[in-house]
Amino acid sequence: MSLCVAWKYEDAHVSRIGFAADSCVTLQTKDGSLEMPYGGVKVLALPVRIIPSGTNIPGKRELPFERVFGMAFVDSFLPAFLLKEALGEVLQHLQVTGSPTQVTFEQICDFVLKFHKHMHAELRDHLKSSFEVSFFFGGVCPSTGRVRVAKFFVDFDTEEPIYREIMVDVGVRF
């Protein structure tokens, strides 16, 4: 069993979300035993960069939104790593019509959910077991400047990935 937690830290000048997992990554060996590879942790950074469309046009003054979001996961390493790598690539190259500061945390989570659903379906078809991934995903909402966290998991009734927001910073804006 693995445990993953998210917590909020606030004082007069700073508000942050922290993630932790109680275990390192384990891999099953040929003889059935479990090994912990060096450096295998379950708390990961995901850079998010959102740029306006037409950014290459001379004179464009709109600045991109650039922040590091966090991901902490439980369950198997392989599906989580594949999901993290895919998300890590696309979240650095998001392009929107209008201002990046109009993008909401919900819109980013909806985008992440599409990847989660796709990876879940593909891995279910190709892996015999341990293809589900549950994870926390959090960062600064571009439109509100507030730190927010969502939990992504597979619904037991529908067997489809979903997410629920679990934490919103109501204090200091970034």
Side-chain angles (χ1 to χ4, degrees), residues 1-10 14-27 34 36-51 64-96 100 103-124 126-127 129-156 159-170 174:
M1 181 173 179
S2 189
L3 175 69
C4 189
V5 295
W7 70 92
K8 182 170 41 174
Y9 167 80
E10 292 184 39
V14 70
S15 179
R16 298 188 188 276
I17 297 294
F19 292 126
D22 71 338
S23 63
C24 289
V25 171
T26 56
L27 300 174
L34 295 176
M36 283 191 283
Y38 177 74
V41 296
K42 292 183 173 183
V43 179
L44 309 164
L46 285 168
V48 175
R49 184 169 189 253
I50 306 170
I51 59 174
F65 171 85
E66 293 183 79
R67 294 291 172 114
V68 175
F69 279 46
M71 175 183 176
F73 68 91
V74 297
D75 303 319
S76 276
F77 174 71
L78 177 62
F81 179 76
L82 293 172
L83 180 63
K84 184 264 181 197
E85 286 300 302
L87 286 173
E89 189 60 36
V90 298
L91 289 176
Q92 292 181 69
H93 304 285
L94 296 177
Q95 194 167 27
V96 297
V103 175
T104 65
F105 181 72
E106 292 88 357
Q107 289 171 316
I108 295 171
C109 285
D110 289 343
F111 187 74
V112 169
L113 182 62
K114 287 180 183 182
F115 272 81
H116 190 198
K117 285 181 176 182
H118 174 74
M119 295 296 290
H120 178 78
E122 291 297 313
L123 292 173
R124 179 179 49 212
H126 293 90
L127 295 179
S129 64
S130 300
F131 57 86
E132 292 183 3
V133 180
S134 300
F135 62 96
F136 292 136
F137 176 77
V140 176
C141 175
S143 67
T144 65
R146 304 236 184 255
V147 176
R148 299 169 74 176
V149 177
K151 177 183 177 184
F152 287 76
F153 58 98
V154 177
D155 182 271
F156 287 122
E159 295 186 11
E160 287 293 319
I162 59 173
Y163 77 91
R164 300 276 187 264
E165 188 164 353
I166 60 167
M167 194 178 304
V168 178
D169 165 35
V170 293
F174 289 85

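In terms of heavy-atom proximity, Pro47 sits nearest to Gln92 at O-CG, 3.6 Å. Minimum heavy-atom separation, Phe105 to Phe137: CZ-O, 3.7 Å. A pairwise comparison of heavy atoms in Arg49 and Pro64 identifies NH2-CG, 3.9 Å as the closest pair. Here the closest non-hydrogen pair linking Thr104 and Ser143 is CG2-OG, 3.7 Å. Phe135 approaches Val112 most closely through the heavy-atom pair CZ-CG1, 4.0 Å. The minimum heavy-atom distance between Ala150 and Cys109, with the atom names listed, is CB-SG, 3.8 Å.
Here the CD atom belonging to Glu160 is positioned 6.0 Å from the NE2 atom belonging to His120, to the nearest 0.5 angstrom. Separation of atoms CD (Glu106) and CZ (Arg148) is listed at 4.0 Å; rounding is to 0.5 Å.
Side chains of Ile108 and Ile50 form a contact here, defined as non-hydrogen atoms less than 4.5 Å apart.
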Contacts table for residues 79-91: side-chain donor-acceptor under 3.5 angstrom, sequence neighbours left out:
none

For this session: Given side-chain contact (heavy atoms from CB on, under 4.5 Å), test Val103 with Leu94 step by step and report yes or no.
Result: CA-CA 11 Å; Val103 175; Leu94 296 177; over 6 Å; no

For this session: Please lay out, stage by stage, how Leu46 and Leu44 fare under the test side-chain contact (heavy atoms from CB on, under 4.5 Å).
Result: CA-CA 7 Å; Leu46 285 168; Leu44 309 164; 5.6 Å; no

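Listed by chain and residue number, Phe152 satisfy the ring pair (Phe, Tyr, Trp, His ring centres under 6.0 Å) test with Tyr163 (two or more places apart in sequence, or in another chain).
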